[in-house]
Amino acid sequence: VSGAWHPEEEDLILFHYGEAVDPRLPLHLEECAACRIRHRNVVEVLALAGDAPVPERGADYGERVWRRLAPRLSSPESHLRRFGLPLALAASLVVAFLLGRHFPPPSSAPIPPPAQQRIFLVMVGDHLERSEMVLVELSHAGPTSMEGEKQLAHELVLSNRLYRQTALKEGETGVGEVLDELERVLVEVGNSPEHVSAGETKALQRRIDGLLFKIRVVGSHVKQREKEALPATVS
Amino acid sequence: MVWMAGDEGAEVERARGGDQDAFRGLVHRHSPAVFRLAYRMTRNEQDAEDVVQETFLKAYRRLGQFESRSLFGTWVHRIAANCAYDLLRRRARLKEEPEDDETAPPLPATDPSADRLVFSGEVRLRLAAALARLSPAERSAFVLRHHEGMSIQEIGVSLGLETSAVKQSIFRAVRKMRTALGTLEGAPS
């Protein structure tokens, strides 16, 4: 064995990964049985650590990523144009939905309650998905890169207000409460000054991270109910 | 539509010129690997999906900064590593956990014999628990070195850390995993 020198565990880890180490190490491992065992133990731990499974995504994963990503790739201006029409359309549908429900035109057949519920669920589900996308982007944004999202947040406030009012009117308290919290964040983002400090950005991002979790839970619940409501509507 | 790995450099050039279909091809090709990296770092599917989105969004916006000499895959993985590391740090701050936990107590280990452990599911459970408790820097540095094969220097560039900090993070990660497993002395080879 080469003198009294023995490698530290750190040296053995670096050696395993092919990083630069003390040039005496390879020869020492040949000569020192105790260090060979220590080295083998490090290798075994690392091999086991590399064995942790990763969930499968499926062959269509790339396309699923693309579909979610594509609407966000445009410039903020064209992004708004893309988003603007669906948002305005959705908002007017909500108004029509509310008017149709509470003041049905005498000549037309009333929309059956299951269909009304499904319309509401579809629209709220889409709204939550859009809001989630904007919030995810905001939660990753730096203080100087929020301009596009600020405009989108401003656009989302109107439709959010209508969905929140509808939800509370229909007894959808859980949805209403999340929309209420979402609205406060959207208003805050939409009205934020041109220059936001790093501290303010972090504080906002903390709130967004907490809200995102709630939106995902409620959004997933809404989508599930939307699916369950489908057969009744079709039949 | 099936995307074939062809002349990726030309595809990147087209994407830089505003051809979204070309960028779509790059997303198709690289998103599974980016997801794997993101999942290993975040240990959470939804967080990993967010990291994938954020990665390609940033890549698209920064295509002008991409140097044609590099591989697009390497470049996009660096962005992903940075996005995931940022997310981990934000989560750690939210939970008010130390970002770089040098003084964390050793994980509880009952030190059953290695022979019994190695071939049981307990090994996987203990490792998963240990990985979940690593600090953002420890987990990020370990995943990038172990799974992505990045050099210590590259990891430092990706995460914005000094080389010595990267090394220490990896050492602590391995030490914590060893503690979680108990001694493997005498384990069958």
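Computation of the quantities below employed the complete heavy-atom set of this structure, encompassing side-chain atoms and omitting hydrogens, waters and symmetry-equivalent molecules. Throughout, a chain's letter reflects where its sequence line sits, starting with A, and its residues are numbered from 1.
Both the backbone and the side chain of B/His146 come within less than 4.5 Å of a heavy atom in chain A. When heavy atoms are compared at a cutoff of 4.5 Å, B/Glu45 approaches chain A solely by way of its side chain, counted from C-beta outward. Proximity to chain A (any heavy atom under 4.5 Å) is shown, for B/Ile152, by both the backbone and the side chain. Of the atoms belonging to B/Arg36, heavy atoms from both backbone and side chain fall under 4.5 Å from chain A.
Heavy-atom pairs under 4.5 Å with chain B were tallied for A/Glu132, A/Glu56, A/Glu9, A/Arg64; the largest tally goes to A/Glu9. Chosen from B/Phe23, B/Phe35, B/Tyr39, the residue pairing most often with chain A at heavy-atom distances under 4.5 Å is B/Phe35. With chain A as the partner, the residue from B/Ile170, B/Val34, B/Val143, B/Leu127 showing the most heavy-atom pairs under 4.5 Å is B/Leu127.
Here the CG-CE distance, from A/Leu46 to B/Met177, works out to 6.5 Å after rounding to the nearest 0.5 Å. The CZ atom of B/Phe171 sits 7.0 Å away from the CG atom of A/Asp11 when rounded to the nearest 0.5 Å. In this structure, CG in B/Leu57 is found 11.0 Å from CZ in A/Arg68, a value given to the nearest 0.5 Å. With rounding to the nearest 0.5 angstrom, the CG atom of B/Leu87 is 7.0 Å from the CG atom of A/Asp209.
Around CZ of A/Arg216, the count of heavy atoms belonging to other residues, nucleotides or ligands within 6.0 Å exceeds 12. Atom CD of A/Glu8 is surrounded by 12 or fewer heavy atoms from other residues, nucleotides or ligands within 6.0 Å. The number of heavy-atom neighbours closer than 6.0 Å to NE2 of B/His147, taken from other residues, nucleotides and ligands shown, is above 12.
The shortest distance between side-chain heavy atoms of B/Glu54 and A/Arg72 falls below 4.5 Å. In this structure the side chain of B/Arg178 reaches within 4.5 angstrom of the side chain of A/Val42, judged on heavy atoms.
Shortest non-hydrogen contact noted between A/Leu73 and B/Tyr60 is O-CE2, 3.1 Å. Nearest heavy atom pair, residue A/Val65 against residue B/Ser31, reads CG2-CB, 3.9 Å.
Using a 4.0 Å cut-off between charged side-chain N and carboxylate O, A/Glu10 and B/Arg175 make a salt bridge. Ionic pairing of A/Glu19 and B/Arg145 is present here: one or more N-O contacts between side-chain nitrogen and carboxylate oxygen are shorter than 4.0 angstrom. Of the charged side-chain nitrogens involved, at least one lies within less than 4.0 Å of a carboxylate oxygen, so that A/Arg57 and B/Glu49 count as a salt-bridged pair.
Residues satisfying the ring-ring contact (aromatic ring centres under 6.0 Å, His included) criterion with B/Phe56, sequence neighbours excluded, are absent altogether.
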